[in-house]
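Contents: one structure, followed by commentary.
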Amino acid sequence: MALHQLYYDPNIENKNLAQKWLMQAQVSPQAWQFCWALLSPDKVPEIQYFGANALHTKISRYWSDIPTDQYESLKTQLFSQIACFSSGSKMVLTRLCVALASLALNTMPEAWPGAVAEMVRVFQEEGGGVDGRARCLALLELLTVLPEEFQTCRLPQYRKGQVRGALGREWGSVCPLLQQLLRRTDSPGAVKARVLRCLSSWVLLDVPLNESEGLVHDCFSALPDPELFDTAVEAIVNAISQPDSQRYVNTLLKLVPRVLALQDQLRAAVQNGDMETCHGICRITVTLGENHSRTLLEQVDHWQSFLALVNMIMFCTGIPGHYPVNETTSSLTLTFWYTLQDEIISFEASKQAVYLQVYRPVYFQLVDVLLHKAQFPSDQEYASWSSDEKEQFRIYRVDISDTLMYVYEMLGAELLSNLYDKLGRLLTNAEQPTSWQHTEALLYGFQSIAETIDVNYSDVIPGLIGLIPRISINNVQLADTVMFTIGALAEWLADHPVMLSSVLPLVLQALGNPDLSVSSVSTLKKICRECKCDLTPYATNIVAVSQEVLIKQIHKTSQCMWLMQALGFLLSALPVEDILRNLHSLITPYIQQLEKLADETPNPSNKLAIIHILGLLSNLFTTLDISKQDDESGDGSAPPVKTAPPPPGPNPVVVVLQQVFALIQTVLSKWLNDSQVVEAVCAIFEKSVRTLLHDFAPMVSQLSEMLGQMYSTIPQASALDLTRQMVHIFASETDHFPPIKALFELVTSVTLSIFQQGRGSGVGGTLNSALKRKPDLYLSDSLDVKAVYHCGVLSLKFPEAPTVKSTCLFFTELLPHCSDVPPLARVVQEDGKLLIQALLEGIGGGASRNLMEPFAEVFFSLNKHCYSLLVVWLKEALQPPGFPSSRVTTVQKDNFSQQILRERVNKRRVKEIVKEFTLLCRGLHGTEYAAEY
């Protein structure tokens, strides 16, 4: 009834109920009885399938329930059911085969030695009224699922090793059978296809390649048969890509001519537009080349046949037609070229020189082929492509770009000269009209290399910059590539500022074209970042054009934000009075707009406008930095080195922020309930604080006050993050200590009340910042240290891993201060046991296993800073029976306690002890689950 409900009832709730009940039935003890009943011939296949599946579930997951004396009868029953279904439903037959395979894996090699040989014998015997072909297909199905079941079964690690060995020995019974069936002329196509599938399955068990060599050759012989082509390709690819196969050099050498012999079939397939055959032959060729290039390169006597294989792969890379519409093969070959290059470069110098002599010309040819493949189709053809095809082509070009960048390592500066000569000939040849596609592809090659490789030494870049204005740009794709190429050369332009005048007008002109939005804005941003010190003569023009496109709303939101970042970089290098003048003209229209929006009643459309304007200001302040910094210490370990004193007077960003502060407060008062608007406001100050660091000082008390009001009205994460930033930078400065201290007390007390209501918050990070920068914030009379500590203990029980991790970090920062912050020492002394209990609860199974390392760190810190108390706490906390888990004995708990107390130096060992104990608590110790942990 339940099965009928599952398959035929239209009501989805009934289906779900039935499925739930059936899942339970399948694992119940009664399943042993009903599964055979459901397999009876008068049932429909769906019901028989459930019976077979229940049988497999019982055998694979509840093997230990089966008494040893019943193995034999279970095996016999399964054999007879498989014989019955060999000419019945295919899906039921497969499930029964999987069940017998599972039984075999659980009994070999001890209880069922020679399992595979017996399977072959049973099915070869006449009888049961089943015809030979059906019996043969059933046997092949059984032999195919056996290795597959091995790959997915849940055997413990030691058993897996034993069974793999036993299966390896059984190959001797499988191989001759498969060979015999493949070579017989009267074998039906369906049998041969099943043989090839079976071979595919067995070679994944690392069957030695020399033992399957004959069969692999038979697979090559099967390739001309369209019905067997796909399965033969799969079997060959699986056989030659096994990690172990490179040991069998002679076998591999014999396979090279077999692959080369496929060239006629490949060319015919290309001519007939047969993409499947091209794809299959290419897979075989690339698999052999990619997995065995080193082995084959080392066979110096056979260098010509390997070179022929490389050229065959080159043919596949350059296969005619546009990817992905006319062909899908060329993309398979790209990683081969990386592999071959790596192998050649890894040889010692004298050997490498010999190989480079042969293969450098091949790689120059590869560059031509790749740039040809990267070309766009005709405008008409491209217009007919779907958006999905265009996206696949875009990704394909990125892969080509990455390959060119990699190949540059081998070919070096000669590659750039080569590309430059081609581009020069193309643009200066008046006789021959050139297609924009050809020009674009060559520029794309340049861009691919210049984007990631330092081309400052290259003598062809000045010529290239000189050629760019000669390109007649009449097409969006070409214009995009011209922009990205200029962007890729931004660092070079910083060293050769005299060339800026020839490319900057192109970029500013492109800014006005919405189709070139991404490329023009990102290129301007790169130029403003790299060349800001040389842009003063162009600054007025850049600001004017940027303002115009912002007012006309030509660009989408994210490009507007990038444009503001570009202007921030540009203004940073100007004199302060020029910065203020430009800021005034740039920001005033937005401030006026914001004033108008602040008066309106909140609604969804003015919310978006407010967030947009606040975002523009944040992005401008992210990059506007007038301090001359030495960027060398970019690892964050030391504060930036000021190479020149900052200009006198307040920082321009602070001037603007002070002017708009009241307006921002007005906006906030109306939108305090909206986390996105609050986040956008906080972002302005957070970006400014990050960029200005101590120059932000004049704003500290105003901002601390505003943050306090915001957080106490409606606590939001973005306000908490900004508080953390402020504590981080200013808490150590005497002048700013009072407002920061007041803000810290307020945020902490609000957060405590949130905890008391049972809602979590990211306060851990802010508390950590305070501990690192200014531990005496915890000496404050009005800060309830005890409540903060209890919040931390509560947080350890939260379900969110990031909260628990930052809380553990909080405790590891907190405990060392027990010696220098008396209020803290008192709390830890009184309530330390609560912390231990919370940690043990998590280790006992209450927390995710991924959190055991942070828990161990807290134990290590306790051991280091509160040793004598920890001895008492551990003893008391572990005393109650069944805590932290009913699975651990008193002896195991004592052992854990002694091991922890012994380790006061070796943190790694404490982590191991905690991991070990958590596995015991969860009943996972010694399982394969634990082996992966």
I'd like to know if [X] pairs up with [Y] as an ion pair, taking the criterion as any Lys NZ or Arg NE/NH1/NH2 lying under 4.0 Å from an Asp or Glu carboxylate oxygen.
X: E577; Y: R581; value: no
X: K526; Y: E530; value: no
X: K607; Y: E600; value: no

Query raised in the report: Only one of L620, L567, V655 forms a side chain to side chain contact (heavy atoms under 4.5 Å, CB included) with L583, so which one is it?
Result: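 Of all the options given, the one that passes is L620.
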Report summary line: When N474, T481, I473 are each screened for side chain to side chain contact (heavy atoms under 4.5 Å, CB included) with W436, the one that passes is N474
Query - Among T485, N513, D480, the one residue meeting side chain to side chain donor-acceptor pair (under 3.5 Å) with S519 - result: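 Considering T485, N513, D480, a side chain to side chain donor-acceptor pair (under 3.5 Å) with S519 is found only for D480.
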Less than 4.5 Å apart, any side-chain heavy atom of [X] and any of [Y]?
X: L467; Y: R470; value: yes
X: L614; Y: I611; value: no
X: L419; Y: L464; value: no
X: L504; Y: N541; value: no
X: V407; Y: Y338; value: no
X: W492; Y: S458; value: no

Report task. Only pairs at least two apart or in different chains count here, so list each side chain to side chain donor-acceptor pair (under 3.5 Å) that has a residue in residues 589-598. Result -> none
Closest approach of [X] to [Y] (non-hydrogen atoms, all atoms of both residues):
X: P469; Y: S502; value: CG-O, 3.9 Å
X: V667; Y: V677; value: CG1-CG1, 4.3 Å
X: H496; Y: N456; value: CE1-O, 4.5 Å
X: A680; Y: S618; value: O-OG, 4.1 Å
X: A494; Y: D534; value: O-OD2, 3.9 Å
X: Q547; Y: L586; value: CG-CD1, 3.4 Å

I'd like to know if the side chain of [X] reaches the main chain of [Y], judged simply by a donor and an acceptor atom lying under 3.5 Å from each other, with no hydrogens or angles considered.
X: T691; Y: T622; value: yes
X: T403; Y: W337; value: no
X: K532; Y: S572; value: no

Near [X] [atom1], under 6.0 Å, is it more than 12 heavy atoms from other residues, nucleotides or ligands?
X: R690; atom1: CZ; value: no
X: Q437; atom1: CD; value: yes
X: H694; atom1: NE2; value: yes

Regarding [X] and [Y], is there a side-chain donor-to-acceptor distance under 3.5 Å anywhere?
X: S627; Y: D625; answer: yes
X: D342; Y: Y406; answer: yes
X: D388; Y: S386; answer: no
X: Y396; Y: S330; answer: yes

Report task. Tell me, with the steps shown, if F661 and M706 meet side-chain contact (heavy atoms from CB on, under 4.5 Å). Result -> CA-CA 10 Å; F661 198 79; M706 185 177 97; 3.7 Å; yes
Distance check, rounded to the nearest 0.5 Å: [X] atom [atom1] versus [Y] atom [atom2]?
X: M405; Y: S448; atom1: CE; atom2: OG; answer: 9.0 Å
X: L616; Y: M561; atom1: CG; atom2: CE; answer: 4.5 Å
X: Q565; Y: L570; atom1: CD; atom2: CG; answer: 13.5 Å
X: I471; Y: I468; atom1: CD1; atom2: CD1; answer: 6.0 Å
X: L657; Y: S688; atom1: CG; atom2: OG; answer: 4.5 Å
X: S558; Y: L563; atom1: OG; atom2: CG; answer: 11.5 Å

Query raised in the report: Can we call the ring centroids of F393 and F376 under 6.0 Å apart?
Result: yes
Requested in this report: Go through the steps to decide whether V367 and L415 satisfy the test side-chain contact (heavy atoms from CB on, under 4.5 Å), and finish with yes or no.
Outcome: CA-CA 9 Å; V367 172; L415 172 54; 3.8 Å; yes
Query raised in the report: Within 45° of the ring axis of Y382 and under 6.0 Å from its six-membered ring centre, is that where the NZ or CZ of K390 lies?
Result: yes
